Amino acid sequence: MLVRCLYASRILKTQSPATLRAILQSSRKNNTKNGITGVLVATDDSFIQVLEGGRAQVCQTYNQIAQDKRHSSVTILSFEEIAQRSFEGWSMGEVTTHQLNPTVLLKHSATLHIDPLMMTGAAVLALLHEIVSSGTVVCGNSTRGKRG
Ligand SMILES: Cc1cc2nc3c(=O)[nH]c(=O)nc-3n(C[C@H](O)[C@H](O)[C@H](O)COP(=O)(O)O)c2cc1C
């Protein structure tokens, strides 16, 4: 059985690019082992992450992430059973909102500063689909070859 977990959180003000690199490195290693795929989006002050995979694996990973001191206000935006994955191309794809064409953001947000903690889960998921379509997601250890 497959599930999708979408959450958002606040990036700590003291965070450095090295922290994001470290997060992605361990995410890709663990997620490849656990059959989890997804995308991590970093805005100026927030993370948005979607995790897809088996229910036990996704829940275990989410519980670990929620306790991680490198972010705060970790908030589930949606959790659902899915027939198939939508973010299957990445053990953990990455994108920062700076890399995005502003029109992608404006399609789903009132301003260019998106605040996922103030948006509905459906709107954030739609934004993620749009980001994937825009081809801006960077691959780590892709689960099935390079994409985006
Ligand atoms: C925003 C954010 C996203 C994360 N995403 C993942 C993830 O997708 N998979 C994962 O295993 N760990 C993720 N982590 C890291 C976990 O919280 C935890 O540090 C890691 O799983 C510990 O594994 P390690 O001992 O192998 O480094 C994330 C952390 C943060 C702050």
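Keep in mind that this is a model prediction, so the values were computed, not measured. Numbering of ligands and ligand atoms starts at 1, following listing order.
- Close approach of ligand 1 to M92 (heavy-atom distance below 4.0 Å) involves ligand atoms 8 (O).
- At a 4.0 Å cut-off, at least one heavy atom of K29 sits close enough to ligand 1 to count as contact.
- Of all atoms in ligand 1, listed by their number and element, those nearer than 4.0 Å to a heavy atom of L51 are 8 (O).
- Rounding to the nearest 0.5 Å gives a distance of 12.5 Å between CG of N30 and CD of Q57.
- Panel note: side chain T32, backbone R28; a donor-acceptor pair is recorded below 3.5 Å.
- Here E80 pairs with R4 in a salt bridge; the nearest charged N to carboxylate O distance falls below 4.0 Å.
- Closest to atom 6 (C) of ligand 1 by heavy atom, among S27, S26, A8, is S27.
- Among L100, V95, T103, the single residue meeting the side-chain contact (heavy atoms from CB on, under 4.5 Å) criterion with S134 is L100.
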*Steps toward side-chain hydrogen bond (donor to acceptor under 3.5 Å, both in side chains) verdict (T19, R70)*: CA-CA 8 Å; T19 310; R70 292 172 289 188; over 6 Å; no
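- When each atom of ligand 1 is checked for a heavy atom of R70 under 4.0 Å away, the hits are 15 (C), 19 (O).
- Counted by atom type alone, T37 and R85 present one or more donor-acceptor pairs between their side chains at under 3.5 Å.
- Across all their heavy atoms, V58 and C5 have their closest contact at CG1-CB, 3.7 Å.
- At least one N or O atom of Q49 sits closer than 3.5 Å to an N or O atom of ligand 1.
- Shown in contact with Q64 at under 4.0 Å from a heavy atom are these atoms of ligand 1, numbered in order with element: 17 (O), 21 (O).
- Where the criterion is an N or O separation shorter than 3.5 Å, residue side chain and backbone included, N30 meets it with respect to ligand 1.
- With hydrogens and angles ignored, the 3.5 Å screen pairs no side-chain donor or acceptor of N34 with any backbone N or O of I36.
- Every atom of ligand 1 is numbered from 1 in the order shown, and the set under 4.0 Å from a heavy atom of F47 is 1 (C).
- Ligand 1 has a nitrogen or oxygen under 3.5 angstrom from a nitrogen or oxygen of D68.
- Taking only non-hydrogen atoms, the option from I48, I23, V58, N34 nearest to atom 28 (C) of ligand 1 is I23.
- Side-chain contact between K13 and D45 is absent, with no heavy atoms from C-beta onward closer than 4.5 Å.
- Salt-bridge check for E94 with R21: failed, with every basic side-chain N at 4.0 Å or more from each acidic carboxylate O.
- Look at Y62 and you'll find every heavy atom at least 4.0 Å from all atoms of ligand 1.
- There is no protein heavy atom closer than 4.0 angstrom to atom 25 (O) of ligand 1.
- Contact atoms of ligand 1 toward Y7: 1 (C), 2 (C), 3 (C) (distance under 4.0 Å to a heavy atom of the residue).
- Annotation: N31 places an N or O atom under 3.5 Å from an N or O atom of ligand 1; distance criterion only.
- Near H71, with a cut-off below 4.0 Å to any heavy atom, the atoms of ligand 1 are 1 (C), 31 (C).
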